[in-house]
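Data block below; observations after.
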Protein chains: 2
Amino acid sequence: MRRQPTVTDVASAAGVSRQTVSNVLNTPQIVRAETRERVERAIASLHYRPHASARRLRTRQSETIAVRLDPVTDGISGSLLDRFLHALAERAGRAGFRVLLYTAADEPAEIAQFGRLLDGADVDAFVLTSTHHGDTRIDWLIEHDVPFVTFGRPWGVADMTDPEHLWVDVDGRHGLTLATGHVLDRGARRVAFLGWPAGSGTGDDRRAGWRSTMEARTDLSRAELDVLDLAVEEDPTDGSIAARLVATIDPAPDAIVCASDSLALGARLALGDRVPIVGYDDTPVARALGLSSVAQQLDEVAEGVLDLLIGAHRGRAGGAEGVDDPQHRLVKPRLVVR
Amino acid sequence: MRRQPTVTDVASAAGVSRQTVSNVLNTPQIVRAETRERVERAIASLHYRPHASARRLRTRQSETIAVRLDPVTDGISGSLLDRFLHALAERAGRAGFRVLLYTAADEPAEIAQFGRLLDGADVDAFVLTSTHHGDTRIDWLIEHDVPFVTFGRPWGVADMTDPEHLWVDVDGRHGLTLATGHVLDRGARRVAFLGWPAGSGTGDDRRAGWRSTMEARTDLSRAELDVLDLAVEEDPTDGSIAARLVATIDPAPDAIVCASDSLALGARLALGDRVPIVGYDDTPVARALGLSSVAQQLDEVAEGVLDLLIGAHRGRAGGAEGVDDPQHRLVKPRLVVR
DNA sequence: CCTGGCTGTTTGATCGATCAAAGGACAGCG
DNA sequence: CGCTGTCCTTTGATCGATCAAACAGCCAGG
């Protein structure tokens, strides 16, 4: 590991001062074009690269985003975070940002991590996933004025466009509208929904997509829809049990749309391919089973997160006065038909 | 974001000098017990935490490990890296290390990333996954004397205990010995192997586990084993095709052991549960399908990687003279029976 | 000819820690 | 009493960058 050249080396090579080199890198517009080119040549020929730690010490910014790696979910959709992380790391890298991982067993532990990472100036913004109603992490971050964006809406808040914090989410309701519409287009009429127990924002949102589509496009009564509306825990085994139950409904459902690929897998194992099934998340499992599935556009989510974090808002809700950009993004998912 | 206390603040609170505070943190044994306690109390009461960037600037160490997030594999086993990362991040955190992510489209791009991350003193060691024979990344890292450990053996090298670089791997051969032994114990005799085309170190290793167990514990001839030895690409669809082919063999196989859960899923979809199938990787899919599967002990792998990286070897093969610790770890997988 | 404004560049101080070397207290010994 | 060696603590310099302010050169205006 050879010694790296410093600004001073570049400066003397180019016949200018340290600060001018720094200006070329940080505020090139204030340097005369001719000087700038000379410095840039010196930078290139010496293979100079700024020392990140030194810069961070002075600027008190780390250009690093921290993301928590969830305790292993053990779910079929576990690789979702993986895909999101990949998209985020790639885009962050392009924008000159780094992505740091951390883990925490629970919320208090995570808040302790916040402190640790911030104090050391290791990190200057957070991306929170798996948020929920009454999330203490959000309160802490707001209180300490730390930039952050959540992947997940603030469920339970009256007006979600309210600038309490920045967020990006996928429009699950739209996803289920697509899924339900798709099977209806293919001739189904009695479409069952296999989802999670009421109370989870995400689950209810997806259910609403199914229900509103059914109400709009079929003449099934409320009561009939209630019968077609199943709620079980996120687990293929539970999905199988529910699917067998669905099959006994008379008249039998034409199709099943699910809140997740886990449930879809369970349904598929129980029912085979007699009944069209649509999953959610477009995991490898759906691909392997040949199931249609709603794909979250994680690239777009990552893009949105970074925009909010390093764009005009700089990760703070209402922080940038007079910025018209929306303080959230609702990404439309896509239906992958198989 | 309140101003953080610095060493100087702690020093004056404790009535000592900066350096003594620093010593308490870094080399506590040289500080008198009484002084140390006084300083520790001051640290606690001020909630002092060292500024990571400042320390890094001075020490030229970042206590940060970089791991590449693979281009999305889209495989059933995609979440393996996820689980490994989680284990690594958790253990690294406990040891005071951070884990930084990066992405790269190909090897040259990854090597460019090495340079970028090292120059900025962002990172002082790398963990490489998905290594292969003739990996140019390894040559580069050795040449530039950068500490690193690979998750994956140096296939194609005569003596793998050779200290060319540090590595950790899972003993796939042992895994297939377990899997094959298990179905033999349950009464199977003609056990087929569903794996990948010869040439991949990992795949051949797993195949060898199956083959040696069959040779040792059954009286099937070489030719008979050759018939039971299938090789297809890593994809459930290909797995299904191969499994249907296997079923036509006369006499029919009693069981199938697979090189991956993807293949096992394919086999399971093609054959149902008539034939016992054992997968590899213990992914959520195997769990959902109720398939037995060989579980890589990723916790142990992560542990091993960190040991090599921050233990006596400090990430350099042969670097630490007189250290007797082995320069690699071969982790034994476990069979999860379902 | 001096002053003021503007542009572009340089200088000295600083961020918060650690390193290297010096310094002080005290005991043991001649 | 003075010298030496231990043990512990302090002092000044330094890591590599940016900030803030000073400075030089030039032109326009009085």
Side-chain angles (χ1 to χ4, degrees), chain A residues 1-40 42-43 46-64 96 116-122 124, chain B residues 1-40 42-43 46-64 96 116-122 124:
Chain A
M1 283 197 270
R2 68 208 176 285
R3 188 182 94 75
Q4 293 299 131
T6 72
V7 264
T8 310
D9 298 326
V10 175
S12 59
V16 296
S17 70
R18 294 190 316 276
Q19 185 58 34
T20 299
V21 176
S22 174
N23 287 337
V24 168
L25 292 168
N26 299 300
T27 44
Q29 66 280 8
I30 73 161
V31 180
R32 194 158 40 138
E34 185 207 327
T35 314
R36 187 169 62 228
E37 278 162 30
R38 200 146 37 92
V39 172
E40 277 163 354
I43 287 177
L46 293 178
H47 301 292
Y48 166 76
R49 242 189 285 273
H51 192 289
S53 293
R55 163 181 280 169
R56 292 207 267 264
L57 170 59
R58 190 69 245 243
T59 61
R60 318 190 129 269
Q61 300 210 356
S62 61
E63 303 191 312
T64 302
R116 224 164 295 148
L117 293 168
L118 290 168
D119 288 352
D122 273 325
D124 44 30
Chain B
M1 284 197 271
R2 66 209 179 284
R3 188 181 92 77
Q4 294 298 131
T6 72
V7 264
T8 309
D9 299 327
V10 175
S12 58
V16 297
S17 70
R18 295 191 316 275
Q19 186 59 32
T20 299
V21 176
S22 174
N23 287 337
V24 168
L25 293 167
N26 299 299
T27 45
Q29 67 279 7
I30 74 161
V31 180
R32 194 160 39 142
E34 186 207 330
T35 314
R36 186 170 63 229
E37 278 163 30
R38 199 147 36 93
V39 172
E40 277 164 354
I43 288 177
L46 292 178
H47 300 292
Y48 165 76
R49 244 188 285 270
H51 192 289
S53 293
R55 163 181 279 167
R56 291 206 269 263
L57 170 60
R58 190 68 247 242
T59 62
R60 318 191 130 271
Q61 300 210 357
S62 60
E63 304 192 310
T64 302
R116 224 164 297 148
L117 292 168
L118 290 168
D119 287 353
D122 272 326
D124 44 30

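First the proteins, then the strands, lettered A, B, ... as listed; each starts at 1.
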DNA chain D: 5'-proximal contact among Gln19(A) and Leu57(B) (nearest heavy atom) = Leu57(B)

ask   = If only side-chain N and O atoms of Thr8(B) are considered, is one of them under 4.0 Å from the OP1 or OP2 phosphate oxygen of dG16(C)?
value = no

key: Between C1' of dT10(C) and CZ of Arg32(A), the distance in whole Å   = 14 Å

message = How many whole angstroms separate atom OH of Tyr48(B) from atom P of dT18(C)?
response = 6 Å

request  = Mind calculating the distance between CD (Glu63(A)) and P (dA17(D)) to the nearest angstrom?
outcome  = 14 Å

inquiry  = Looking at dT18(C), I'd like to know if its phosphate oxygens (OP1 or OP2) sit under 4.0 Å from a side-chain N or O belonging to Ser22(B).
reply    = yes

inquiry  = Can you measure His51(B) atom NE2 to dA17(D) atom P for me and round it to whole angstrom units?
reply    = 16 Å

task = Let me know the distance between CG of Asn23(A) and P of dG16(D), rounded to the nearest Å.
result = 20 Å

request  = To the nearest Å, give me how far apart CD (Gln61(B)) and P (dC19(C)) are.
outcome  = 9 Å

query = OP1 or OP2 of dT10(D) less than 4.0 angstrom from a side-chain nitrogen or oxygen of Thr20(B), does that happen here?
reply = yes

key: Short side-chain N/O contact from Thr6(B) to OP1 or OP2 of dG16(C), under 4.0 Å   = no

ask   = Do any side-chain nitrogens or oxygens of Asn26(A) fall under 4.0 Å of OP1 or OP2 in dT18(D)?
value = yes

message = Under the criterion side-chain contact (heavy atoms from CB on, under 4.5 Å), I'd like the reasoning laid out for Glu40(B) against Val24(B): C-alpha separation, chi angles, the key distance, then a yes or no.
response = CA-CA 8 Å; Glu40(B) 277 164 354; Val24(B) 168; 4.0 Å; yes

ask   = Do the side chain of Thr64(A) and the main chain of Ser62(A) share a donor and acceptor less than 3.5 angstrom apart?
value = yes

inquiry  = Go through it in stages, so that I can follow the logic: the residues are Val31(A) and Val39(A), the test is side-chain contact (heavy atoms from CB on, under 4.5 Å), and I'd like the CA-CA distance, side-chain angles, deciding distance and then a yes or no.
reply    = CA-CA 10 Å; Val31(A) 180; Val39(A) 172; 5.9 Å; no

request  = Look at the side chain of Arg55(A) and decide which nucleotide, out of dA17(D), dC15(C), dT9(D), has an atom nearest to it.
outcome  = dA17(D)

query = Do Arg18(B) and Asn23(B) have a side chain donor and acceptor closer than 3.5 Å?
reply = no

message = Measuring from the side chain of Arg58(B) (C-beta onward, heavy atoms only), which nucleotide among dG8(C), dT18(C), dA17(D) has the closest atom?
response = dT18(C)

query = So what does Arg36(B) hit on the nucleic acid, given a heavy-atom distance under 4.0 Å: a base, only sugar-phosphate, or nothing?
reply = nothing

ask   = Taking Ser53(A) for the side chain and Arg56(B) for the main chain, is one N or O donor matched with an acceptor at less than 3.5 Å?
value = no

task = Using a cut-off of strictly less than 4.0 Å, decide whether Arg18(A) has a side-chain nitrogen or oxygen near OP1 or OP2 of dT18(D).
result = no

query = Which part of the nucleic acid, if any, lies within reach of Arg56(B) when heavy atoms closer than 4.0 Å are counted: base, sugar-phosphate only, or nothing?
reply = nothing

message = Between P on dT6(D) and CD on Gln29(B), what's the gap in Å once rounded to a whole number?
response = 18 Å

query = Which nucleotide in the list dT9(D), dT10(C), dT9(C) gets nearest to the side chain of Ser17(A)?
reply = dT10(C)

key: Atom-to-atom span, CD of Gln4(A) to C1' of dA17(D) - whole angstrom   = 14 Å

